[in-house]
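Below is one structure, written out as structure tokens; the observations come after it.
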Amino acid sequence: MDFLSSLNPEQRAAVTLPERSALILAGAGSGKTRVLTTRIAWLIRTGQTSPQNILAVTFTNKAAKEMLLRLSVMLPIPVRGLWIGTFHGLCNRILRTHHREAMLPQTFQILDGVDQLATIKRLMKTLNIDDEKYPPREIQVFINSNKEKGLRAHEIEAFDPYSRRKMEIFAAYDEQCQREGVVDFSELLLRSHELLARNQQLRDHYQARFRHILVDEFQDTNRLQYQWLKLLSGQHNALFAVGDDDQSIYAFRGAHVGNMQELTRDFHVQDVIKLEQNYRSHGNILDAANALIQNNASRLGKNLWTSENKGEPIRVFEATTDAEEARFIVDTATQLHSEGIWLSEIAVLYRSNTQSRVIEHALVSAGLAYRVYGGLRFFERQEIKHALAYLRLIQNPADDHALLRIINFPARGIGARTIEQLQEKARAQNISLWQVATQSGGKVSSFVSLVEMMRDSTRELALPEIIEHVLLHSGLIAHFQNQTGTQLREAQERMENLNELVNAATLFVHESEDDSLTSFLTHAALESGQSQADESTDALQLMTVHASKGLEFHSVFVSGLEEGLFPHHNSRMTHAGVDEERRLMYVAITRAQRKLYLTFAQSRMLHGQVNYGLRSSFLHELPDELLHWITPRMPMRSNFSHGFTPIPPENLAVKRKERTIGAQDSPWQLGQAVSHAKFGEGIVVGMEGRGSDSRIQVNFRTTGTKWLALEYANLTSAS
DNA sequence: GCCCACTTTATTTTT
DNA sequence: TAAAGTGGGC
């Protein structure tokens, strides 16, 4: 086969494996997606399998699209009939097809994370539950993490009253969703798993169909997704899993790397193939990545290599402040650009989104084009959600969430008190808000007539016209048109977005086989859309390390390499946490093809306060000989030992005033490096009190920030 | 029913 | 710092 000839031996072995389950350990830049798509093409083109017998699962819509695109090039036939999609998309497809068996209305709606949280808050209010004691976010995590383990409320073991109460809220939440005909993300998976588990006929049907199941990014699967795959595979189908345990960075949201070992056991995998040849980076970059990741405890074991030369050393820059760090990045990027590298081939990575602001500021000052990834996406915008809520209510009157969102938006004089009364009635009679509303008079009844009118007059219309009609008659357009003064700009943007929604619908109708309203609403929930494409202009790429997974750039800056920031202090409590941070650093390093810059700052503005950090321990896990320090490389013990004033003048004096009252008699200074017998080395970041009451706040390298009684602390100077 | 001022709080995120 | 959420006042 022509397309096999360009593969290396391991890749070819993976692609042409016989029909049985296999695990492909594919390192960063080793051609993972290529192997996956080529395998599908090979299976079909050799006539072993027909397209209907293939199920390919990805985590993101982007990955699914990419795969389809590549396949359309490799296969002479249209790629129709292939089931390629995300876990959620595929589960949705199954649930729509068998909605009766799944005990769902045909037009069930999908709740995104924000909708789900709002639903939980509303439920807790009606149940009179103290949201201080049971924070809705915590409940949301509780519900989702249990569902992702495959557990329903009644299956949870709760031994204390607190857990029992959470369990009750979970149960009530599920009941409410069922009543309203809505399904959250984890429910899509759980519900379809339960459907296949209890309905043997359906299970047999799908098992007979999907002879080959291929999974991308297998290290990111959670327990439920694994169970789902097991159920579909049955005893005879081949599960072809591709993943990299070293790039598992989503344990915090339920990903279970252990699935990789379990797969080899449960599926009697004889073929574990390692793809270790990297086609992306120069040698020094890979050496650094390999050295770093070896500090992790449990690994399946893998070492990347390249036939490329060593390339340039990794450059390290120590800045005094975060602003200086940003300036260095901008200056260097400008320099690279002038040497002929596209800005879009340069990425600035950071651990958390807040860090982008200083960098953006420096970029604006320098007039350099940039693009920030992440943030609010199209279908998540308020005005879009409002418009969608009208559409949802038209389609499914039981959707209380949708009703509450729009009953008084645009404002039509239906206040909180009225809404409360509606809710009380609905609860007392166990009926939907819509039903109560139809029995009400006054302003509520005009709202009901409005929605009914919209439902009637859109019945015969095509999707884009339905949306146009709703935008016009709901008063949404008029609402934003009437905005004046300071909100004008914002209102104009919102109106543009609403118009864009009509365009999105038009595009959707052209592209998809099913152009129904339900299908469009599903699309909106499952594919929230990139924020705004705008890939036309060449721009520097700014994103979190998480967002960079799967991408590659000529040059990469990894910024904010400070202890507490990267690795993040919230993950320092456990070994597993630090290991995941290290994998994150591994992902960051392996994004770079040619040039890698590692930067950190002695002081950083965080949450409106100046913080003094120590350089990241990850820097010290990289072999010295691979690094070239742009600023003088100072010994580990202190960031402040090289002569110049460590404290940026514009920052310090005022900021710390509450904490430094009466600290004049302290033997220590802010920013000074100190050593403690138990906690080790750290930096003084605050002081308060006088004499024997004096307390001192120290940011320790290993244990984080602590307040100590100065009298007993027995600190020694570390510089 | 609405608006303004105050407090609180701050990873990572796709579906 | 800056966004989001809460509560008081009109």
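First the proteins, then the strands, lettered A, B, ... as listed; each starts at 1. Just so we're clear, the structure is a prediction, and the values are computed from it rather than from any experiment.
- Take A:K121 and apply the side chain to side chain contact (heavy atoms under 4.5 Å, CB included) test, not counting sequence neighbours, and it matches A:L117, A:P136.
- Under the 90° criterion around 0 for the glycosidic angle, B:dT11 counts as syn.
- Relative ring orientation between A:H523 and A:F379 is described as perpendicular, the plane-to-plane angle rising above 60° on a 0-90° scale split at 30° and 60°.
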query: How does each nucleotide of nucleotides 4-10 of chain C score, in 5' to 3' order, for protein heavy atoms under 4.0 Å: base (B), sugar-phosphate only (S), or none (-)?
result: -------
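- When the salt bridge (Lys or Arg N to Asp or Glu O under 4.0 Å) test is applied to A:E380, the partners found at least two apart in sequence or on another chain are A:R377.
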- request: Would you give a per-nucleotide map of nucleotides 8-15 of chain B, 5' to 3', where B means the base has a protein non-hydrogen atom under 4.0 Å away, S means only the sugar-phosphate does, and - means neither?
  value: --BBBBBB
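- A:E66 and A:T33 are not linked by any side-chain donor-acceptor pair at a separation below 3.5 angstrom, with hydrogens and angles left out of the test.
- Remark: A:R122 engages A:T119, A:Q176, A:E180, A:D400, A:H401, A:L404, A:Q423 in a side chain to side chain contact (heavy atoms under 4.5 Å, CB included) (not counting sequence neighbours).
- Note: A:D174 CG to A:I169 CD1 = 12.5 Å, rounded to the nearest 0.5 Å.
- The shortest distance between side-chain heavy atoms of A:T599 and A:Y350 does not fall below 4.5 Å.
- As judged by a 4.0 angstrom heavy-atom cut-off over every strand, A:I414 is placed among residues touching the sugar-phosphate backbone only.
- With sequence neighbours excluded, the residues satisfying side chain to side chain contact (heavy atoms under 4.5 Å, CB included) with A:S365 are A:H361.
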